[in-house]
**Q** 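What follows is a single structure, and I will ask about it in a moment.
Chain naming here is simple, since letters A, B, ... match the order of the sequence lines and numbering starts at 1 in each. We use all heavy atoms of the structure for the numbers below, so side chains are in, but hydrogens, waters and symmetry mates are not.
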There are 2 protein chains.
Amino acid sequence: MSQGGSSAGPDSGDAGGSGNSGTSPLAGLSGARVLLDRTSTVSKLADALRAQIIEGGLPPGTQLAEHAAAKELGVSRNTLREAFRLLAHEGLVIHEPHRGVFVRTLDAGDVRDIYTTRRLVECAAVRTEGPPPRAVAEIRAAVETAEAAVAESRWHDVGTADLRFHSAIVALAGSRRLNDMTRRLLAELRLVFHVMADPHRFHEPYVHRNAAIATLIEQGRTREAAEALTAYLDDAEAQLLGGIAERTRDRRR
Amino acid sequence: MSQGGSSAGPDSGDAGGSGNSGTSPLAGLSGARVLLDRTSTVSKLADALRAQIIEGGLPPGTQLAEHAAAKELGVSRNTLREAFRLLAHEGLVIHEPHRGVFVRTLDAGDVRDIYTTRRLVECAAVRTEGPPPRAVAEIRAAVETAEAAVAESRWHDVGTADLRFHSAIVALAGSRRLNDMTRRLLAELRLVFHVMADPHRFHEPYVHRNAAIATLIEQGRTREAAEALTAYLDDAEAQLLGGIAERTRDRRR
DNA sequence: CTTGCCGGATTGCTCAACAATACGTACGGT
DNA sequence: ACCGTACGTATTGTTGAGCAATCCGGCAAG
């Protein structure tokens, strides 16, 4: 369902570290831990706000007044401020001293910056030697989810599956930190998607290209996969920059 | 001076965007903006704590009790909690619900994770085509700083210059976000440096290799530079893992 | 049209309090 | 001596109110 995008916040950093060197007799419980509602108000608050921002319920530029928002959300101002600090650190929101926090507005420079990072990270991840089979499978799964969503015209889910695809690509590198960075990067990127007139025409053509890239990866043709990915990212970037230019022009008149 | 490491926090994200399209008659003021002490208590607090943690004044595992720390630092508990949220998001500190915040202890898995990320990002950054000359110059400057520090046996500064070198390498890619990620990654890494018996013997041998890599980059021999960098990172990782294993063994007995 | 000033509104930060949770310890049973 | 339980204490989680600092809008004066 559409709430799939919520995901666990990048917060609450996985305390003990990923070490957990095999020999523990209690493996298999780490998954159940998240079920135990051990999430603070601040985390839930940040998740809710993040979801709202990503979903477009709070358009870029919106000011989030502390007093009003706190009353609206039924939490204290102090608690809300802690959540704001998290979101600001993630770049979803900017915090202007003595002015307030605003939903981040990304400009052309930001888009170029994000895609520069993506090109570097994703292409390098694709070339990882001996990637974990689990990650490769996840890529294929994301493609299939996207194709199913296209078949049923669930355009929003198409976009979600697309981001899942790219997360899976980065996961080829097998680094938790790289995954976290990517999650944040893609969350930022969703802020830009809203400038596209109709998102489905934006995401739909990329599904086929994703499938092709997935196949190349499965076949171990990493060089070709990286090239296809670069082309993919270049096109998406250009399209987003076009969308931004258009919006800017409209705004000007 | 040893306080050189402070630097501006990765906080307060550069609001307006890098646009500022030339024609403004008031250029030259954007530089003066930082002089205007527009930093909140939370930012300064986070900077201070970050510096203390990085410098080793607060060893990994140390608990930072809110009440005591707030009184010690002369700030409110709420303000301190906001700073803690930032540091937790950066990974320098972990926040265990209802237990408190502790200076992060990195294990072998974390070191591997960090170096996996560094290998991917730094090597890819080195291969950037047409890097800004400014970034190349910064690399050379970092090398020279390191060499000067070695000559005068300022080992702490050698370590700082080394990290500056690697930041400069990532800057070749020309992405602000990538730079920020790297800054955080290297800050985390400093937590591990403290496990090395004597840091100077750890950093010193790498200075020559940095110089060689810098030369390769200046000559545009990016492939060789990337290979040298990979070898460099592999060695450093192995050495750190050895240090951690040793510490673990000591701790056990 | 610019400059200076003022009042209202918002944020930055503090303080104090209470509820919820974790930890150490003493107690009792076996 | 071992184990589980209950309890008291300390710490964290969250709230609410309050005041100083700062920003924004409008208005008057030059």
Side-chain angles (χ1 to χ4, degrees), chain A residues 9 11-13 15-16 29 32-49 58 61-89 92-104, chain B residues 8-9 11-13 15-16 24-26 29 32-49 58 61-89 92-104:
Chain A
D11 186 26
S12 77
L29 287 189
R33 192 158 205 167
V34 296
L35 273 301
L36 227 49
D37 189 11
R38 286 226 160 295
T39 78
S40 65
T41 302
V42 174
S43 291
K44 283 185 283 192
L45 203 49
D47 288 348
L49 288 170
L58 299 169
T62 307
Q63 176 164 15
L64 300 151
E66 294 186 354
H67 188 69
K71 206 168 63 179
E72 187 73 23
L73 293 164
V75 298
S76 168
R77 238 182 95 211
N78 288 319
T79 303
L80 186 63
R81 284 173 62 87
E82 287 188 36
F84 280 166
R85 279 253 139 71
L86 288 185
L87 296 177
H89 206 259
L92 291 184
V93 127
I94 81 173
H95 188 138
E96 301 192 35
H98 289 287
R99 299 215 336 117
V101 317
F102 303 80
V103 178
R104 183 88 186 268
Chain B
D11 188 24
S12 78
S24 165
L26 287 182
L29 287 189
R33 192 158 205 164
V34 296
L35 273 300
L36 229 49
D37 188 10
R38 286 224 159 297
T39 77
S40 65
T41 302
V42 174
S43 291
K44 283 185 284 192
L45 202 49
D47 288 347
L49 288 170
L58 299 169
T62 307
Q63 175 165 16
L64 295 109
E66 294 186 355
H67 188 70
K71 206 169 63 179
E72 187 74 23
L73 293 163
V75 299
S76 169
R77 240 182 92 209
N78 297 79
T79 303
L80 186 63
R81 283 173 63 87
E82 288 188 32
F84 280 165
R85 285 274 194 242
L86 290 185
L87 296 177
H89 206 262
L92 289 185
V93 127
I94 80 174
H95 188 137
E96 300 191 36
H98 288 285
R99 299 214 338 116
V101 315
F102 304 80
V103 178
R104 183 87 186 266

**Q** For A/Phe102, does its backbone N or O pair with a side-chain atom of A/Glu96 as donor and acceptor, under 3.5 Å?
**A**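 No, the answer is negative, given that no donor and acceptor are paired below the 3.5 Å cut-off.
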**Q** Which heavy atom of B/His89 sits nearest a heavy atom of A/His89, and at what distance?
**A**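 What the structure gives for the nearest pair is ND1-ND1, 2.7 Å.
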**Q** First and last nucleotide of DNA chain D in contact with chain B, 5' to 3', at under 4.0 Å to a heavy atom: what are they?
**A**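 Answer, 5' to 3': D/dT12 to D/dC23.
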**Q** Would you name the heavy atoms of A/Val93 and A/Phe84 that are closest together and state the gap between them?
**A**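 Shortest heavy-atom separation between A/Val93 and A/Phe84 comes out as CG1-O, 4.4 Å.
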**Q** What side-chain donor-acceptor pairs closer than 3.5 Å can you find for residues 67-77 of chain B, not counting sequence neighbours?
**A**
| residue | atom | partner | partner atom | Å |
| --- | --- | --- | --- | --- |
| B/Ser76 | OG | B/Asn78 | N | 3.3 |
| B/Arg77 | NE | B/Glu66 | OE1 | 3.0 |
| B/Arg77 | NH2 | B/Glu66 | OE1 | 3.2 |

**Q** Along nucleotides 9-14 of chain C, 5' to 3', which nucleotides get a B, which get an S, and which get a -, given that the test is a protein heavy-atom distance under 4.0 Å?
**A** --BBBB
**Q** Give the minimum heavy-atom separation between B/Ala46 and B/Leu87, together with the two atoms involved.
**A**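 Result for this residue pair: O-CD2, 3.9 Å.
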**Q** Looking at every non-hydrogen atom in both residues, tell me the closest pair between A/Val103 and A/Leu58 and how far apart they are.
**A**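 Closest approach of A/Val103 to A/Leu58: CG1-O, 3.6 Å.
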**Q** Determine, step by step, whether B/Leu86 and B/Leu49 satisfy the side chain to side chain contact (heavy atoms under 4.5 Å, CB included) criterion, reporting the C-alpha distance in whole Å, the side-chain angles of both residues, the deciding distance to 0.1 Å, and the verdict.
**A** CA-CA 11 Å; B/Leu86 290 185; B/Leu49 288 170; over 6 Å; no
